[in-house]
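Within every chain, numbering begins at 1; the chains are lettered A, B, ... in the order of the sequence lines, protein sequences first and strands thereafter.
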Amino acid sequence: MSIIILLICISLAIALLFLGGFIWSMKSGQYDDTYGPSVRMLFDDKKKQTKKDK
Amino acid sequence: MQPDQSIIEDTLNMRQTVSCFHCGQPCKRQDFLSDEKSFCCYGCKTVYEILNENDLCEYYDFEANPGIRFDIDTDETYTYLDNTEISSKLLLFEINGISRVQFYVPAIHCISCIWLLENLNRLDKGILKSEVNFAKKTLLIDFNAKKISLGKVASLLASIGYKPLISLETEKDNPQKNKNNHFIVQLAVAGFCFGNIMLLSFPEYLGIDHLEGNLRDLFSYLNIILALPIILFSGRDYFTSAWKSFKQKQINIDVPIAVGISVLFVRSASDILLYSEPGYMDSLAGLVFFLLIGRWFQGKTYESLSFDRDYKSYFPLAVFRKENDDWKACVVHQLDKGDHIRIRNREIVPADSLLINDSTYVDYSFVTGEANPVRIMAGEKVYAGGRIIGQPAILTIVKKTSQSHLTSLWNNEAFSKPEQKSYQSLMDKVAKRFTWTVLGLALATGLYWYWADAERVWLVVTAVLMVACPCALALAAPFTYGSMLRVLGNHGLYLKNAHVVENMANVDSVVFDKTGTITHGSDSVVWNGTMNEEELKGVKAIASSSTHPLSMLIAKNIQGDGLESLEYYEEFPGKGVSGRIGDMSIQLGSATFVGLEDTKLNATRVYVTINNVQKGHFEIGTAIRPGIKKLVSNLGVKVKALLSGDGPAEEEKMKSIFNASTILKFLQSPHDKLNYISELQSGGNTVMMLGDGLNDSGALKQSNVGIAIADDTGIFTPSCDGILNGAQLEKLDVFLGLSKSALTVLKISLGISLLYNVVGLSFAVTGHLTPLVAAILMPISSISVVAFTTFMVNIIAKKRLS
């Protein structure tokens with residue numbers, strides 16, 4: 001039965017880890033702007049851009 | 001067939017209209033061309049050229065026509081931002097010449113915007129980094145203050161079509177956001193604990209009682225540990241709120257909840273620690289979790305239903321704004337930075353501005369309570385809410401009008417009416433009594449169940465405490481009146497606060513002022529007398545300084561701009577105006593004011609004396625406002641009287657409008673008007689007074705509901721309860737009917753919420769309701785009541801006003 005105690009400790013620890021992770025992401029502002037980062041990663045960061053014709 | 005052909009060709013031409021490469025709007029003129037691309041206006045073309053020069057045309061690749069059309073001609077400058085005092089308020093930090101600023105840019109709307117704004121450093125080397133927050137439409141800029149000033153950064157943004165909206169109060173919204181974040185963490189912790197407690201309670205649920213005793217104890221102890229964060233962190237707000245109310249020797253609606261939570265916790269903990277019983281930690285955790293979810297959902301609902309008076313309804317005050325060398329009346333919410341406005345005697349300054357003409361006196365009594373006017377010199381700042389005294393001032397606006405600021409000035413305690421009963425305090429009283437009743441009921445129920453079934457006492461008592469929350473009861477009134485306020489605001493009646501709706505519903509007598517209320521504009525203004533050009537100009541200058549309807553009519557009928565500065569100016573309410581310009585001392589007003597015998601007249605006259613010489617008079621045939629006759633007949637016997645400060649010249653005209661029972665009184669001084677209103681009130685009537693301007697302010701204040709009529713004046717009588725756009729006056733009967741319906745809706749919703757409580761309580765007392773279900777039902781009941789009142793009010797208003 002002592003294995004149950006160990007398992008419970010592990011499950012609680014993992015759950016706590018995720019709770020901590022959530023609180024951290026909340027406080028570090030990851031939910032503040034949910035749209036910007038998704039498009040920002042698509043921009044080229046080439047400094048010089050040849051003129052494109054449209 | 002021929003004509004058909006041409007129609008088809010026409011439609012084809014329409015379709016072929018070129019749309020602007022920058023903003024996508026159709027190009028009306030074909031001459032804005034650059035690189036063979038068409039633009040709709042000079043502004044769009046300029047932005048394209050700036051971007052093209054700096055190799056930023058990638059902007060147009062992400063989305064077609066991403067730009068926003070704007071007026072490039074605004075002479076708006078941001079140089080005032082370079083003032084250290086102002087810039088220090090805006091800058092987030094400033095170290096070693098690197099400054100960070102956050103702008104609110106409402107124009108941000110697409111991927112292209114993000115891309116361009118984050119590549120600002122390619123436009124100006126002084127900008128180090130810029131970052132967009134799309135959700136909040138803000139732009140964070142780091143810049144080198146030695147290379148580019150804050151004002152330059154702002155004008156750079158404006159030049160590419162992203163005007164920053166600058167307000168010195170932007171930082172204030174941060175606490176709100178932190179509070180919201182904190183709440184979500186509380187919710188997350190509650191959810192975490194709830195889930196784990198349930199998991200650990202599983203053996204209990206399945207009835208596995210042959211477990212080893214020590215394992216079961218361990219689970220219970222773990223439950224206590226997991227319940228602690230719920231009590232100490234997630235549910236803390238209920239305790240602090242209850243404690244605060246206790247400290248003020250009051251009792252609020254959080255008290256039963258706090259009592260319920262602690263009862264359940266103490267009982268469960270003692271069960272576990274003393275008797276090795278399982279306790280009710282799962283119920284407790286679920287209770288708090290669902291309470292918090294309910295609160296979050298409530299908050300979201302209220303947010304979407306909330307009556308944002310700033311943007312959705314408008315303050316129907318107007319001021320004169322310079323448009324193409326002409327002064328035109330303009331409603332205050334359309335005013336923008338850089339506009340030139342002209343404020344006349346006793347009109348209010350709607351926005352923070354700088355004085356352009358030499359000097360003026362400003363009375364800040366609305367803002368500070370200090371009645372002595374302050375002398376302001378050219379170039380100095382005049383704050384919103386100040387009232388111009390004396391001759392008109394020309395101002396340029398530096399900060400956009402804040403309606404909320406004006407509304408809060410209006411709601412200043414100094415202008416509140418003394419004997420107003422407040423529904424808020426009434427609700428508080430009800431809530432207080434209600435809470436005591438609930439606590440008593442919970443105690444009685446506990447005692448009963450103690451004898452009947454001791455096992456269930458705690459859960460039943462908690463359920464009673466939970467379900468009885470009077471939230472719905474407390475929210476019904478503010479939401480009913482609030483949505484009414486918004487509906488009326490959209491239709492041109494701007495009320496001071498929610499009390500006024502209540503008072504309006506009880507109105508049984510309506511009293512009108514004549515000039516400017518019943519009458520508006522004129523059929524004819526005829527000058528009888530002699531004046532040379534110079535004198536005529538002087539009269540125009542004096543007349544256009546006043547906001548009295550007759551003065552405005554006279555000013556309108558004399559050519560010229562009337563902007564000559566006056567050396568002296570004074571207005572005598574109900575009598576006339578007096579002023580000096582050059583070597584002329586001019587009096588303009590009633591017969592008695594200029595020293596004439598008061599004769600029985602058959603027309604409205606305004607007399608003129610210059611340097612104590614009678615010059616003659618203006619004979620004014622005022623026009624009746626359209627729709628008045630219908631309004632009067634709709635209101636019927638409610639219309640008690642017409643009080644006019646003018647002579648009885650138009651008595652016959654008025655008689656044709658009003659019912660025979662209406663009392664028509666002429667030559668009323670402001671004091672007479674006030675007395676008449678209080679007479680009516682002492683007869684047990686609830687009086688609504690409609691008037692305008694200065695000479696009615698006493699009567700407006702005395703009446704139960706004082707409504708000021710505004711057409712193109714910025715007169716802001718703080719003692720009135722509402723401002724009605726003159727063009728909407730004909731709908732007054734509908735407005736009165738609507739406020740009555742609002743009262744009915746309120747009564748119905750109070751009935752519904754009481755019903756909820758009675759039904760919920762009867763289930764709880766008899767033990768048919770678990771605390772968990774109670775915690776879920778509670779927010780649902782209040783949300784449904786709030787939704788009911790809001791939608792009912794809007795449906796009724798739509799039906800009546802369409």
Working to the nearest 0.5 Å, report the span between CG of B:Leu222 and CD1 of A:Ile5.
-> 9.5 Å
With a 4.5 angstrom heavy-atom cut-off, which part of B:Ile114 approaches chain A: side chain, backbone, both or neither?
-> both
Mark yes when over 12 heavy atoms from residues, nucleotides or ligands other than A:Phe18 sit less than 6.0 Å from its CZ; otherwise mark no.
-> no
Per-residue contact mode, B:Asn133 against chain A (heavy atom under 4.5 angstrom) = both
A:Tyr31 and B:Ile184, any side-chain heavy atoms less than 4.5 Å apart = no
Distance, nearest 0.5 Å, that separates NZ of A:Lys27 from NE2 of B:His182 | 7.0 Å
Heavy atoms of B:Ala188 and A:Leu19 approach each other most closely as O-CD1, 3.8 Å
Begin from the C-alpha positions of B:Leu199 and A:Ile8 and carry the test side chain to side chain contact (heavy atoms under 4.5 Å, CB included) through to its verdict.
-> CA-CA 10 Å; B:Leu199 201 70; A:Ile8 281 172; over 6 Å; no
